[in-house]
Structure formats: structure tokens, C-alpha cells
Amino acid sequence: MAAVFLQPFAETKWMFLDPLAAAEMAPECCHVYYGFISNIGLVFWIGTAAVCLVVGLAFWLVSGADRFTRFAISAGCLSGWIGLDDMFLVHEKVMPKLGVPQELVMVIYLVLAALYVAVSWRFIFAQRWWILVLGAAALGLSMFVDQFFHSVDAGIVYLEDSAKFFGIMCWSTFHLLATFEHLCARIRPTATRATG
């Protein structure tokens with residue numbers, strides 16, 4: 001984000017907004033840098049979903065449902081859905097056109113997040129849970145700003161989308177670290193037995 005703020009070549013606001021929103025609102029259309037930060041966030045949502053789902057399903061096939069597989073599969077599904085929502089503006093554009101208010105969609109997402117925690121809390125609290133809490137706080141701040149200060153003023157855009165990006169990075173970091181460490185812990189004993 002610092003590189004985006006410090007670069008002198010393009011107006012920073014358009015790099016933070018969703019590419020479609022930037023294309024609609026910018027004085028001229030279109031530039032490849034529109035939605036730069038938003039697109040990087042999408043890569044992390046979908047990448048996290050893919051890693052969690054692949055590793056979770058692999059462990060489920062090998063050893064059945066346990067705390068880790070419930071954690072990984074629920075995190076993968078939630079990450080993937082939020083990534084798709086973010087990509088296609090489901091809560092902002094699609095659902096309101098279908099008659100479902102954006103506020104209701106956000107409440108549904110909070111319920112899904114609570115279900116994820118309910119299913120996975122034992123595994124979550126055995127990890128670096130504070131990273132997830134930090135990410136949830138940042139995503140909550142982004143949602144708050146979006147709901148109550150919906151504006152394309154540069155300061156509001158920076159606050160909302162910086163918090164969102166930071167939240168995504170924390171979410172991804174937590175899940176990727178937890179998945180990688182679980183994978184390594186399960187592989188090491190197998191490798192030791194094979195070489196011993």
C-alpha cells in the first residue's frame with residue numbers, strides 16, 4: 001500500500017477502488033491500474049480458499065473429519081464465497097437488484113463468519129488467533145465505513161479500502177500459516193519413519 005500511496009504516476013484513489021467502480025466514476029476510462037489494490041485482495045481471497053480447500057479435502061479423504069479438516073474446509077468455503085462476492089459485487093450490486101438489501105447480506109455474512117468460528121474455534125485458538133482477530137477488526141472497520149460513510153471522497157476510500165486490504169492480508173496470513181504448519185507437522189513424522 002505504501003508503494004501505491006507514494007507512486008507519482010496515477011491517482012491513488014482509482015487504484016484502491018473496485019475496477020468496475022473506478023471505471024464508472026473516473027473522469028476517463030479505462031486504465032490497467034484501476035482496482036490494483038482491490039485485485040490483489042481478490043488474489044488473496046481466492047488463493048486462501050484454494051489452499052484451505054485442497055489441503056482440507058486431502059486430509060479429510062485420508063483421515064476423515066477432524067478439527068483441522070472442519071477448520072480448513074469451512075475457511076476455504078467462506079474465503080471463496082467472499083472472494084467471489086468481492087469480484088462480482090454480489091452484496092453491493094447483484095443482491096440489491098434481486099430485492100435483497102445490502103444490509104441483510106452483510107448480516108448473513110456475519111452469521112456465516114460466526115458459524116465458521118463455532119465450527120473451528122478449538123483449532124483457531126490453538127493457532128496465532130490474534131492475527132485473525134486483527135484481520136476481523138480491520139474488515140469490520142471497512143464494513144462500518146462502507147455502511148455509514150458511503151462516499152468516493154479520497155480519504156474515505158483510503159480508510160475503507162486500506163482497512164479491507166489489511167484485513168484480507170491478516171485473514172490470508174492466519175489461514176495459510178495454520179494450514180502450512182499443520183501440513184508440515186503431519187508430514188514430518190511420516191518422513192522420519194520412512195527414512196528411519
Side-chain angles (χ1 to χ4, degrees), residues 1 18 37-92 95 102-148 159-192:
M1 283 192 298
D18 176 83
I37 293 291
S38 178
N39 284 339
I40 292 174
L42 286 173
V43 169
F44 277 90
W45 279 128
I46 302 302
T48 301
V51 168
C52 288
L53 285 172
V54 168
V55 175
L57 289 170
F59 274 99
W60 180 65
L61 290 171
V62 169
S63 56
D66 61 9
R67 287 192 307 180
F68 172 73
T69 56
R70 286 191 298 273
F71 161 79
I73 292 170
S74 61
C77 290
L78 187 57
S79 300
W81 176 252
I82 293 173
L84 290 173
D85 177 292
D86 204 11
M87 185 182 301
F88 297 111
L89 305 176
V90 173
H91 74 279
E92 288 182 77
M95 296 308 275
Q102 181 176 348
E103 294 78 16
L104 178 58
V105 177
M106 299 311 282
V107 168
I108 291 169
Y109 286 0
L110 290 173
V111 169
L112 290 174
L115 286 172
Y116 153 75
V117 172
V119 166
S120 308
W121 69 271
R122 283 188 179 90
F123 188 83
I124 289 170
F125 285 107
Q127 310 303 312
R128 296 176 184 89
W129 56 267
W130 58 270
I131 299 174
L132 187 61
V133 170
L134 196 58
L139 290 169
L141 173 62
S142 175
M143 288 171 59
F144 176 81
V145 171
D146 182 45
Q147 290 298 306
F148 295 101
L159 177 61
E160 178 190 347
D161 289 333
S162 293
K164 178 181 170 184
F165 186 74
F166 181 76
I168 295 169
M169 293 300 103
C170 289
W171 174 273
S172 293
T173 299
F174 172 78
H175 289 92
L176 295 175
L177 276 175
T179 303
F180 178 74
E181 288 174 354
H182 184 79
L183 184 61
C184 287
R186 295 290 296 270
I187 289 172
R188 279 191 199 115
T190 306
T192 304

Next on the checklist: Please evaluate residues Met95 and Gln102 with respect to the criterion side chain to side chain contact (heavy atoms under 4.5 Å, CB included), reporting the C-alpha separation (whole Å), side-chain torsions for both, the decisive distance (0.1 Å), and the verdict.
Outcome noted: CA-CA 7 Å; Met95 296 308 275; Gln102 181 176 348; over 6 Å; no
Just verifying a value: how many Å separate [X] [atom1] and [Y] [atom2], rounded to the nearest 0.5 Å?
X      : Y      : atom1 : atom2 : answer
Ile82  : Leu42  : CD1   : CG    : 12.0 Å
Leu104 : Tyr109 : CG    : OH    : 10.5 Å
Leu141 : Phe144 : CG    : CZ    : 8.0 Å
Leu132 : Phe174 : CG    : CZ    : 5.0 Å
Ile168 : Ile37  : CD1   : CD1   : 10.0 Å
Cys77  : Leu53  : SG    : CG    : 5.0 Å

Restricting to non-hydrogen atoms, name the atom on [X] and the atom on [Y] that form the minimum distance, rounded to 0.1 Å.
X      : Y      : result
Ala72  : Cys52  : O-CB, 3.3 Å
Ser120 : Phe71  : OG-CA, 3.3 Å
Ser79  : Trp45  : CB-O, 3.8 Å
Ile124 : Val117 : CD1-CA, 4.3 Å
Phe166 : Ala138 : CD2-CB, 3.7 Å
Tyr116 : Ser74  : CD1-OG, 3.4 Å

Next on the checklist: Quick one, Val90 and Leu84 - any side-chain contact, counting heavy atoms below 4.5 Å?
Outcome noted: no
Checklist entry - Any side-chain heavy atom of Leu112 sitting closer than 4.5 Å to one from Leu78? => result yes
Checklist entry - So Met143 and Leu110, side chain to side chain contact (heavy atoms under 4.5 Å, CB included) or not? Walk me through it. => result CA-CA 11 Å; Met143 288 171 59; Leu110 290 173; 4.1 Å; yes
Next on the checklist: Would Glu181 and Arg128 count as a salt bridge (Lys or Arg N to Asp or Glu O under 4.0 Å) here? Give the steps.
Outcome noted: CA-CA 11 Å; Glu181 288 174 354; Arg128 296 176 184 89; 2.7 Å; yes
Item to check | CZ/Phe59: more than 12 non-hydrogen atoms of other groups inside 6.0 Å | outcome: yes
Next on the checklist: Quick one: does any side-chain atom of Thr69 pair with a main-chain N or O of Asp66 as donor and acceptor, under 3.5 Å?
Outcome noted: yes
Item to check | Under 3.5 Å donor-acceptor, Ser142 side chain and Glu160 backbone | outcome: yes
Next on the checklist: Between His175 and Phe123, does the ring-ring contact (aromatic ring centres under 6.0 Å, His included) criterion hold? Intermediate values first, please.
Outcome noted: CA-CA 11 Å; His175 289 92; Phe123 188 83; 9.5 Å; no
Item to check | Steps toward salt bridge (Lys or Arg N to Asp or Glu O under 4.0 Å) verdict (Lys164, Asp86) | outcome: CA-CA 11 Å; Lys164 178 181 170 184; Asp86 204 11; 2.6 Å; yes
Checklist entry - How about Thr48 and Trp171: does a side-chain donor come under 3.5 Å of a side-chain acceptor? => result no
